[in-house]
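The residues of the chain are indexed from 1 along the displayed sequence.
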Amino acid sequence: MDIEANLIFVRSFRNTFGRMEKALVLGAAGQIGTELVAALRAKWGTENVIATDLRPEALEAPAFALNAMDEPALRALVQEQGITEVYHLVAMLSATGEKMPEKAWELNMLTLFHVLNLAKEGLLKRVFWPSSIAAFGPNTPALDTPQYSPMDPTTVYGISKLAGELWCQYYHQKFGVDVRSLRYPGLISWKTLPGGGTTDYAIDIFHAARKENAYTSFLSEDTRLPMMHMEDAIRATLSLMEAPSESVKVRTSYNVSGIDFTPAELAENMRRHYPDLAMSYAPDFRQAIAASWPQRMDDAEARADWGWSPRFDLSSMVDDMVAHI
Ligand code: AKB
């Protein structure tokens, strides 16, 4: 057995016969949740990872319908199931959030407070909550954005992420809550469609290429953004959560870098598979959002503190997407 297989065996043995660790994933039917639940279950055993969502039909048991805004229901589930760590993936993303700002703020912030407060009361040992490149803004250095930079987000989603980061740090410093976070770039995956983000074009394009051999991008051809293959994002999440607490020195949220490209560069790379892929560009309101975000992240802290390093480059990401879509 290799070291990783050994670790999985020991963990699930301990979870079955000894000290219990049990995870609860909120928003489990979403783009990240679908893959994170599977990865956690592979490590901890299916019965030790509870999946919840507003729409639990798509989820495999053990799974429950849960509105993360409903604090009593969330609390009851945590207590009844003996949950030790929560992965809080519920959020309204950048593009949808601009259409309903108050609702986005309420959803993104209240659900975070519900989880942080359960941890503060000692009901949870650890919390994972994702932040985003959306927490940065037009005055952030766009290239090799440092961990500590000016942050002046222009979207409600970005404001909620920046505020959430600071609340995570506050709960850690004041109450000892072990909350950990990553600033995800645009995440690229084929298992579940994303919903309501500015980086979604980088997934839509693969579906359009397969169906029509043509794509109209809602971002201009030269809009560079940080992106990451979902497998890398899941690995980053698990690595951060497995790191010893003293190694997790950033308690707002870690920059993590994967790849970066423009719509034109992505299309050009995809032409290895779709030589006649036709591109047109019709930037909409999402263009201004993308223009306010970093183009490439510097993730030196994540590399130094818990050994982060991505595996996918642009070509291997494209090959994997084409193979599966
Ligand atoms: C979005 O585009 O809103 C998200 C994000 C970068 O957080 N994918």
Interatomic distance, [X] atom [atom1] to [Y] atom [atom2] [nearest 0.5 angstrom]:
{"X": "E268", "Y": "L277", "atom1": "CD", "atom2": "CG", "value": "9.5 Å"}
{"X": "M230", "Y": "L36", "atom1": "CE", "atom2": "CG", "value": "9.0 Å"}
{"X": "Q295", "Y": "I133", "atom1": "CD", "atom2": "CD1", "value": "10.5 Å"}
{"X": "L266", "Y": "L219", "atom1": "CG", "atom2": "CG", "value": "11.0 Å"}
{"X": "M109", "Y": "W167", "atom1": "CE", "atom2": "CH2", "value": "8.0 Å"}
{"X": "R224", "Y": "R296", "atom1": "CZ", "atom2": "CZ", "value": "6.0 Å"}

Do you know the tightest heavy-atom contact between [X] and [Y]?
{"X": "T198", "Y": "F218", "result": "O-CE1, 3.3 Å"}
{"X": "E265", "Y": "L314", "result": "O-CD2, 4.3 Å"}
{"X": "S280", "Y": "T216", "result": "OG-OG1, 2.9 Å"}
{"X": "A91", "Y": "N108", "result": "CA-OD1, 3.3 Å"}
{"X": "R235", "Y": "S309", "result": "NH2-O, 2.9 Å"}
{"X": "L187", "Y": "A233", "result": "CD2-CB, 3.7 Å"}

Compute whether any side-chain donor of one residue and acceptor of the other, for T155 and E98, lie under 3.5 angstrom apart.
-> no
Any side-chain donor near an acceptor of the partner, S316 and D313, under 3.5 Å | yes
Apply ring-ring contact (aromatic ring centres under 6.0 Å, His included) to W308 and Y254, showing your working.
-> CA-CA 10 Å; W308 165 242; Y254 277 97; over 10 Å; no
Heavy atoms, side chains only, cut-off 4.5 Å: are [X] and [Y] in contact?
{"X": "P146", "Y": "E301", "value": "no"}
{"X": "T111", "Y": "L74", "value": "no"}
{"X": "T262", "Y": "E221", "value": "no"}

What pairs with S247 under side-chain hydrogen bond (donor to acceptor under 3.5 Å, both in side chains), at least two apart in sequence or on another chain?
-> none
The remaining residues in the hydrophobic cluster of L93, counting side-chain heavy-atom contacts under 4.5 Å among Ile, Leu, Val, Met, Phe, Trp and Tyr, are Y157
Output yes when K103 and E106 qualify as a salt bridge under the 4.0 Å nitrogen-oxygen rule, no when they do not.
-> no
Mind checking whether M228 and L89 sit in one hydrophobic cluster, side chains of I, L, V, M, F, W, Y counted as touching below 4.5 Å?
-> yes
Applying side chain to side chain contact (heavy atoms under 4.5 Å, CB included), name anything that partners S181, two or more places apart in sequence or on another chain.
-> W129, S131, S253
Which is it for E21 and T84 under the side chain to side chain donor-acceptor pair (under 3.5 Å) test, yes or no, and what are the steps along the way?
-> CA-CA 6 Å; E21 294 285 354; T84 57; 2.9 Å; yes
Does S257 offer a backbone N or O that forms a donor-acceptor pair with the side chain of D299 under 3.5 Å?
-> yes
Take the angle between the ring planes of Y184 and F128 and call it parallel below 30°, perpendicular above 60°, tilted in between.
-> tilted
With a 6.0 Å cut-off (strictly less than), is the heavy-atom count around [atom1] of [X], excluding the residue itself, greater than 12?
{"X": "E102", "atom1": "CD", "answer": "no"}
{"X": "R272", "atom1": "CZ", "answer": "yes"}
{"X": "Q79", "atom1": "CD", "answer": "yes"}

Determine, stepwise, if the pair H114 / D70 fulfils side chain to side chain donor-acceptor pair (under 3.5 Å).
-> CA-CA 9 Å; H114 292 341; D70 184 348; over 6 Å; no
